[in-house]
Amino acid sequence: MDRTVRSVEALEILDSRSMPTLAVTVTLADGTKARAGVPSGASTGSREAVELRDGDPERYAGKGVLRAVANVNTEIAAALVGHRFEDVGEVDRRLIALDGTPNKARLGANAVVGVSIAVARAFAAARDMELWQAIAASEGTTPRLPVPHFNVLNGGKHAPNDLDFQEFMIAPIGAPNFPEAVRAGSTVYGALRKTLAERGYATGLGDEGGFAPALRRPEDVLSLVVHAIEAAGYTAGRDGVAIALDPASSEFYRDGLYHVDAEALTSDDMIDRYAAMAENYPIWLLEDGLAESDWDGWERLTARLGDRLRLVGDDILCTNPAIITEAIARRAGNAALIKVNQIGTVSETLEAMRICRQAGWAQFVSHRSGETEDSFIADLALGTGCGQLKTGAPARGERVAKYNRLLEAAASFPDLPYGLN
Ligand code: 2PG
Ligand code: MG
């Protein structure tokens with residue numbers, strides 16, 4: 001195969017929230033063509049790589065991405081076209097150097113990540129490999145179908161209700177295989193819809209496809225989700241379907257206090273509250289339980305609950321290898337959320353995951369609340385064998401695109417193992 005780049009082209013498309021984003025197409029000299037759609041978050045970490053938006057109030061309320069598109073079609077294309085590259089890492093290093101900032105603010109992380117993903121896909125296709133196979137080959141990892149974490153109830157910035165916690169996920173850890181995990185997710189989702197309707201709650205959806213009823217207390221939601229799991233015929237817990245939470249607490253942390261349902265709580269109050277929740281409900285994972293700036297709180301949370309719960313850092317870590325290294329040293333959490341656009345290139349994402357693996361930290365591959373039909377993260381989770389993926393409800397095209405990609409892999413490669421790692 002010839003890894004010479006023939007063309008790199010971007011255009012402005014829409015994401016699942018009706019906001020502009022980029023589609024990038026990369027063509028290699030041998031004619032191989034690959035495309036990428038760029039995701040976009042709403043509850044973003046302050047140290048994330050920077051999305052470039054036009055700021056022109058006349059178009060999409062300033063959210064247009066024509067400058068990022070132009071950066072791909074001019075500067076980035078000029079730096080890549082006609083050049084032959086060894087691997088995605090070499091392309092990514094070229095992009096990082098061309099950008100010249102520590103957070104991809106000049107060219108835009110949305111421009112850079114679209115090119116990086118399209119290149120990774122093109123290089124795999126040119127080798128006649130599935131993308132996940134190419135990732136596994138480059139990382140020396142064993143592919144594994146991840147436990148899907150379906151976000152069935154939305155709050156926070158992802159829904160117009162008064163629920164402060166952002167995500168209530170169901171994780172069929174006990175399912176015998178990936179297709180059965182998807183069936184469990186869909187069945188519990190249906191049971192939850194019925195439960196909500198029976199109790200007079202609306203069943204409209206939030207940004208990630210979960211229901212967005214007018215509930216406020218996180219414990220009330222947990223009771224409903226447990227009820228739905230059991231009504232669907234599953235065991236609530238790690239043997240069957242467990243619960244994972246992403247409160248996205250940076251969003252309700254103000255002046256050193258966590259504002260949850262009209263209460264103002266200290267870090268230690270929050271830790272007590274989580275300990276009680278873990279006691280009373282089958283919760284196995286807590287993401288962003290404390291805020292991105294509350295490092296001392298994270299250390300205490302980990303000392304208290306790290307043996308019982310997977311404590312995943314999202315906003316606090318931003319998929320950033322340097323910050324993850326610091327958190328490992330400080331024992332702040334025991335797992336990292338992995339979002340490609342938070343750091344901005346495929347190879348830096350793989351580096352973040354490598355650092356976690358070496359430290360015995362789990363990695364939780366994630367979508368963004370604004371998505372396209374791009375299914376890169378399904379291949380990333382499968383190829384690295386990290387064992388867990390969250391990509392929203394078992395509903396809506398941009399969410400099921402990822403689950404369906406894994407159903408196809410499970411059908412084509414029946415020997416792939418399934419489950420947590
Ligand atoms: C999160 C994500 C994805 P957003 O907080 O984990 O669920 O949300 O993309 O809005 O940052
Ligand atoms: Mg999060």
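Count residues from 1 along the sequence.
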So that I can tick it off, tell me whether Arg193 and Glu198 are bridged by a salt bridge, with the cut-off set at under 4.0 angstrom between side-chain N and carboxylate O. no
Classify the side-chain pair Asp314/Gln342 by whether it contains a donor and acceptor separated by less than 3.5 Å. yes
Give a yes or no on whether the backbone of Ala79 and the side-chain of Arg94 come within a donor-acceptor separation of less than 3.5 Å. yes
Check: Phe150 ring centre within less than 6.0 Å of Tyr403 ring centre: yes
Between Ala378 and Leu389, which heavy-atom pair has the shortest distance, and what is it? CA-CD2, 4.4 Å
Any chance you could lay out the side chain to side chain contact (heavy atoms under 4.5 Å, CB included) test for Leu285 and Glu287, step after step, and finish with the verdict? CA-CA 7 Å; Leu285 177 150; Glu287 176 188 331; 4.2 Å; yes
Exercise answer: donor-acceptor pairs, residues 305-312 side-chain atoms, under 3.5 Å, sequence neighbours excluded:
unit_1, atom_1, unit_2, atom_2, d
Arg308, NH1, Glu279, OE1, 3.4
Arg308, NH2, Ala278, O, 3.2
Arg310, NH1, Gln388, OE1, 2.6

From Asn341 CG over to Ser116 OG, what is the distance, rounded to the nearest 0.5 angstrom? 11.5 Å
Work out which heavy atom in Val346 is nearest to a heavy atom in Val88; give both atom names and the distance. CB-CG1, 4.2 Å
Could you pull out all donor-acceptor pairs under 3.5 Å where a side-chain atom in residues 244-253 meets a protein atom, sequence neighbours excluded?
unit_1, atom_1, unit_2, atom_2, d
Asp246, OD1, Ala248, N, 2.8
Asp246, OD2, Lys390, NZ, 3.3
Ser249, OG, Asp288, O, 2.9
Ser249, OG, Gly289, O, 3.2
Ser249, OG, Leu290, N, 3.3
Ser249, OG, Leu290, O, 3.1
Ser249, OG, Ala291, N, 3.2
Ser250, OG, Glu292, N, 2.9

Backbone N or O of Arg216 within a donor-acceptor pair of the Asp162 side chain at under 3.5 Å? no
Sole residue of Lys339, Arg93, Lys104 in salt bridge (Lys or Arg N to Asp or Glu O under 4.0 Å) with Glu348: Lys104
Has the side chain of Lys402 got a donor or acceptor atom that lies under 3.5 Å from a matching backbone atom of Glu398? yes
Which is it for Leu407 and Val182 under the side chain to side chain contact (heavy atoms under 4.5 Å, CB included) test, yes or no, and what are the steps along the way? CA-CA 8 Å; Leu407 284 171; Val182 169; 4.0 Å; yes
Hey, what do you get for OG1 (Thr101) to CZ (Arg106), rounding to the nearest 0.5 Å? 8.0 Å
State, yes or no, whether a side-chain contact exists between Leu80 and Phe85 at a heavy-atom distance under 4.5 Å. yes
The reported gap from CD1 in Ile324 to CG in Asn320 (rounded to nearest 0.5 angstrom) is 7.0 Å
Using atom types as modelled and distance alone, determine if a side-chain donor or acceptor of Glu230 lies under 3.5 Å from a backbone N or O of His227. no
Is there a side chain to side chain contact (heavy atoms under 4.5 Å, CB included) between Val147 and Tyr418? Walk through the geometry before answering. CA-CA 7 Å; Val147 174; Tyr418 162 76; 3.6 Å; yes
Heavy atoms of Leu131 and Asp379 approach each other most closely as CB-OD2, 3.3 Å
Short side-chain to backbone donor-acceptor contact, Thr141 and Ala137, under 3.5 Å: no
Audit row: Tyr201, Thr195, side chain to side chain donor-acceptor pair (under 3.5 Å) steps and yes/no: CA-CA 9 Å; Tyr201 290 107; Thr195 305; over 6 Å; no
Does Leu95 offer a backbone N or O that forms a donor-acceptor pair with the side chain of Asp99 under 3.5 Å? no
Side chain to side chain donor-acceptor pair (under 3.5 Å) contacts in which one or both residues fall within residues 143-157, not counting sequence neighbours: His149-Trp284, Asn151-Asn154, Asn151-Glu208
Contacts table for residues 352-361: side-chain donor-acceptor under 3.5 angstrom, sequence neighbours left out:
unit_1, atom_1, unit_2, atom_2, d
Arg354, NE, Glu139, OE1, 3.0
Arg354, NH2, Glu139, OE1, 3.2
Arg354, NH2, Glu139, OE2, 3.4

Rounded to the nearest 0.5 Å, what separation is found between the CD1 atom of Ile96 and the OG atom of Ser347? 6.0 Å
With a 3.5 Å cut-off and no angle check, do the side chains of Tyr60 and Asp54 form a donor-acceptor pair? no
What closest approach, in Å, do Pro394 and Val152 show between heavy atoms, and which atom pair accounts for it? CD-CG1, 4.5 Å
Does Thr32 use its side chain to pair, donor to acceptor, with the backbone of Leu28 at less than 3.5 Å? no
Ring centres of Phe211 and Tyr189 under 6.0 Å apart? yes
Working to the nearest 0.5 angstrom, can you tell me the gap between Met270 CE and Leu301 CG? 9.5 Å
Atom CG in Leu350, atom CD1 in Ile338: separation rounded to 0.5 Å? 9.5 Å
Under 3.5 Å, is there a donor-acceptor pair linking the side chains of Thr372 and Asp374? no
Indicate the atoms forming the closest heavy-atom contact of Phe168 with Pro218, along with that distance. CE2-O, 3.7 Å
Let me see the working for Leu11 and Ile13 under side chain to side chain contact (heavy atoms under 4.5 Å, CB included), right down to the final yes or no. CA-CA 6 Å; Leu11 77 151; Ile13 62 166; 4.0 Å; yes
Is there a donor-acceptor pair under 3.5 Å between the side chain of Arg331 and the backbone N or O of Glu299? no
Under 3.5 Å donor-acceptor, Thr302 side chain and Trp298 backbone: yes
So do Met169 and Ile243 actually touch side chain to side chain, heavy atoms under 4.5 Å? no
Could Arg368 and Glu51 be called an ion pair, given the rule that one side-chain N must be under 4.0 Å from one carboxylate O? no
Any Leu406 side-chain heavy atom under 4.5 Å of Leu382 side chain: yes
Pairwise side chain to side chain donor-acceptor pair (under 3.5 Å) hits with a residue in residues 122-138, at least two apart: Glu130-Arg405
Report all side-chain donor-acceptor pairs from residues 16-26 shorter than 3.5 Å, counting only partners two or more places apart or in another chain.
unit_1, atom_1, unit_2, atom_2, d
Ser16, OG, Glu371, N, 2.9
Ser16, OG, Glu371, O, 3.4
Ser16, OG, Arg399, NH2, 3.2
Arg17, NH1, Asp207, OD2, 2.8
Arg17, NH1, Ser369, OG, 2.8
Arg17, NH2, Ser40, O, 3.1
Arg17, NH2, Ser369, OG, 2.9
Thr21, OG1, Val38, O, 2.7

Less than 4.5 Å apart, any side-chain heavy atom of Phe165 and any of Leu153? no
Basic-acidic side-chain contact under 4.0 Å: Glu12, Arg59: yes
Taking atom types as modelled, is there a side-chain donor on Gln363 or Thr384 under 3.5 Å from an acceptor on the other? no
Looking only at non-hydrogen atoms, find the nearest pair between Pro172 and Ala181 and report the distance. CG-O, 3.4 Å
Using only atom types and a distance under 3.5 Å, with no angle test, would you say the side chain of Arg47 pairs donor to acceptor with the backbone of Ile316? no
